[in-house]
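Quick caveat, the model's predicted, so the values are computed rather than measured.
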Amino acid sequence: MTRSPFHLVEYSPWPFTGSMGALFMTVGSASWFHGHTPSLLVLGLFLTVITVIQWWRDVIREATFQGHHTSSVSKGLRWGMILFITSEVLFFFAFFWAYFHSSLAPVTDLGSCWPPTGIYPLNPFQVPLLNTAVLLGSGVTVTWAHHSLMESNRNNSILGLFSTCSLGIYFTYLQAGEYMEASFTIADGIYGSTFFVATGFHGLHVLVGTTFLLVCLGRALSYQFSSGHHFGFEAAAWYWHFVDVVWLFLYVSIYWWGS
């Protein structure tokens, strides 16, 4: 019997615990928004965090220490990441559709103008422009880290990863301050809804991407990457570039044109 180039994973509880964590977070969030205690939300967050840590541990173990990620498996993982990013493109496409549907032909309820009457949008040449520079800079540093890794330059790769994570955290800090100082909220009609949903989900993706890169930084420090074995970092870099591109569309359409 020949050895299969593919890896069949062992039975795992993490898909179940992850789905339950997502369910509890969704129901708990809705319950919390209606004035109830956030206990179900906290339980969902706890389950999700534990699932992510343990599942990531298992995948790292399979790839780095057990050698299960053959060339065929790695090819499948690459296609999986490509399809996932494609689904994310369609996810944000829906938000842009909603935004342009309302802004290109504003109804009389909005004052027949965009931004709607009574809405004072953020200045696109202040914090949003700084955030654009921060994300573009992070795209440069993550590319530097990737090329350094392929050239077996471990020190530069770690420095590039650290710089990217720092810039991602700084972006989140700036966006949180921007939200606190905004003169409108998510409850302020279609403008508030589309603005905060689109930019908020992008902010969530920045948090996920930063976490992804922090894990890669920890793996790099633990000598788990080499010039020929680093798909975990490659996937994180793809995801980060996707986050960068989405922000450019958000800045041009919502912050600059929409103001």
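The hydrophobic cluster containing Leu90 does not contain Phe96, counting ILVMFWY residues as joined when their side-chain heavy atoms lie under 4.5 angstrom apart, directly or transitively. By the rule that hydrophobic residues join a cluster once side-chain heavy atoms approach within less than 4.5 Å of another member, Leu129 and Val140 end up as members of separate clusters. Criterion: ILVMFWY side-chain heavy atoms under 4.5 Å apart, direct or through other members. Under it, Leu104 and Ile119 are part of a common hydrophobic cluster. Cluster annotation: Val73 is connected to Ile82 through the hydrophobic network of ILVMFWY side chains, with a link wherever side-chain heavy atoms come within less than 4.5 Å. Under the 4.5 Å side-chain heavy-atom criterion for ILVMFWY residues, no single connected hydrophobic cluster contains both Val52 and Leu47.
Other members of the hydrophobic cluster containing Leu248, listed by chain and number, are Leu136; membership follows side-chain contacts under 4.5 Å among ILVMFWY residues, whether direct or relayed. Residue Ile53 belongs to a hydrophobic cluster whose other members are Val49, with links defined by side-chain heavy atoms closer than 4.5 Å. Clustering of Ile, Leu, Val, Met, Phe, Trp and Tyr side chains at separations under 4.5 Å places Phe93 together with Trp97. Grouped by direct or indirect side-chain proximity (heavy atoms under 4.5 Å, Ile/Leu/Val/Met/Phe/Trp/Tyr only), Met150 sits alone.
With hydrogens and angles disregarded, a donor-acceptor distance shorter than 3.5 Å links the side chain of Ser12 to the backbone of Trp14. A distance-only check finds a donor-acceptor pair linking the side chain of Ser163 to the backbone of Leu159 [under 3.5 Å]. The main-chain N or O of Cys113 is never found under 3.5 Å from a side-chain atom of Thr117 such that the two would form a donor-acceptor pair. Checked by atom type and distance alone, the side chain of Tyr251 pairs as donor or acceptor with a backbone atom of Pro124 at under 3.5 Å.
In this structure, CD in Glu178 is found 10.0 Å from CG in Leu130, a value given to the nearest 0.5 Å. With rounding to the nearest 0.5 angstrom, the CD1 atom of Ile158 is 10.5 Å from the CZ atom of Phe225. Within the model, atoms OH of Tyr179 and CZ of Phe195 stand 6.0 Å from one another, a figure rounded to the nearest 0.5 Å. Interatomic distance, CH2 of Trp55 versus CD1 of Ile60, reported as 14.0 Å (0.5 Å rounding). Atom CE of Met25 and atom CG of Leu41 lie 8.0 Å apart (nearest 0.5 Å). Summarising the geometry, atom OG belonging to Ser148 is positioned 4.5 Å from atom CG belonging to Asn156; distances are rounded to the nearest 0.5 Å.
Among all heavy-atom pairs drawn from Ala198 and Ile254, the shortest one is CB-CD1, 3.9 Å. The two residues Pro121 and Tyr191 come nearest to each other via the heavy atoms CB-OH, 3.3 Å. Of all non-hydrogen atoms in Thr48 and Ala22, the two that sit nearest each other are OG1-N, 4.0 Å. The minimum heavy-atom distance between Ala220 and Leu161, with the atom names listed, is CB-CD1, 4.2 Å. Looking at every heavy atom in both residues, Leu135 comes nearest to Val243 through CD1-O, 4.4 Å. Looking at every heavy atom in both residues, Pro106 comes nearest to Ser103 through CD-O, 3.3 Å.
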### Task
Determine, step by step, whether Trp240 and Thr210 satisfy the side-chain contact (heavy atoms from CB on, under 4.5 Å) criterion, reporting the C-alpha distance in whole Å, the side-chain angles of both residues, the deciding distance to 0.1 Å, and the verdict.
CA-CA 8 Å; Trp240 196 254; Thr210 304; 3.6 Å; yes
### Worked check of side-chain contact (heavy atoms from CB on, under 4.5 Å) between Leu213 and Val142
CA-CA 9 Å; Leu213 289 168; Val142 77; 4.1 Å; yes
### Task
Take Thr164 and Ser138 through the side chain to side chain donor-acceptor pair (under 3.5 Å) test and state the conclusion after the steps.
CA-CA 5 Å; Thr164 308; Ser138 71; over 6 Å; no
### Query
What's the verdict on side-chain contact (heavy atoms from CB on, under 4.5 Å) for Leu122 and Val127, showing C-alpha distance, side-chain angles and the deciding distance?
CA-CA 9 Å; Leu122 298 167; Val127 174; over 6 Å; no
### Query
Given Glu88 and His205, is the side chain to side chain donor-acceptor pair (under 3.5 Å) satisfied, shown in steps?
CA-CA 10 Å; Glu88 292 283 87; His205 281 70; 2.3 Å; yes
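Taking the six-membered ring wherever Trp is involved, the centroid distance between the rings of Trp114 and Phe100 does not fall below 6.0 Å. Taking the six-membered ring for Trp, Phe92 and Phe201 have ring centres at least 6.0 Å apart.
Sorted by first then second residue, the ring-ring contact (aromatic ring centres under 6.0 Å, His included) pairs that include residues 128-156, not counting sequence neighbours, are His146-His230, His146-Phe233. Residues in residues 121-136 take part in these side chain to side chain donor-acceptor pair (under 3.5 Å) pairs, two or more places apart or across chains: Thr132-Trp247. The stretch residues 143-169 participates, sequence neighbours left out, in no salt bridge (charged side-chain N to carboxylate O under 4.0 Å, His left out) pair at all. For residues 16-47, no residue pair satisfies the ring-ring contact (aromatic ring centres under 6.0 Å, His included) rule, not counting sequence neighbours. Residue pairs satisfying the salt bridge (charged side-chain N to carboxylate O under 4.0 Å, His left out) criterion with at least one member in residues 64-79, sequence neighbours excluded, are listed as follows: Arg78-Glu234.
Counting heavy atoms of neighbouring residues, nucleotides and ligands inside a 6.0 Å radius, atom CZ of Phe162 does not exceed 12 of them.
The closest side-chain heavy-atom distance from Phe84 to Trp238 is not below 4.5 Å.
A search for side chain to side chain contact (heavy atoms under 4.5 Å, CB included) contacts involving Val27 returns Leu23, Leu40, not counting sequence neighbours. Residues passing the side chain to side chain contact (heavy atoms under 4.5 Å, CB included) test with Ser227 are Ser152, sequence neighbours excluded. Under the rule for a salt bridge (Lys or Arg N to Asp or Glu O under 4.0 Å), the partners of Arg61 that lie at least two apart in sequence or sit in another chain are Asp58.
Of the residues listed (Phe171, Phe95, Phe249), the one engaging His202 in a ring pair (Phe, Tyr, Trp, His ring centres under 6.0 Å) is Phe171, and it is the only one.
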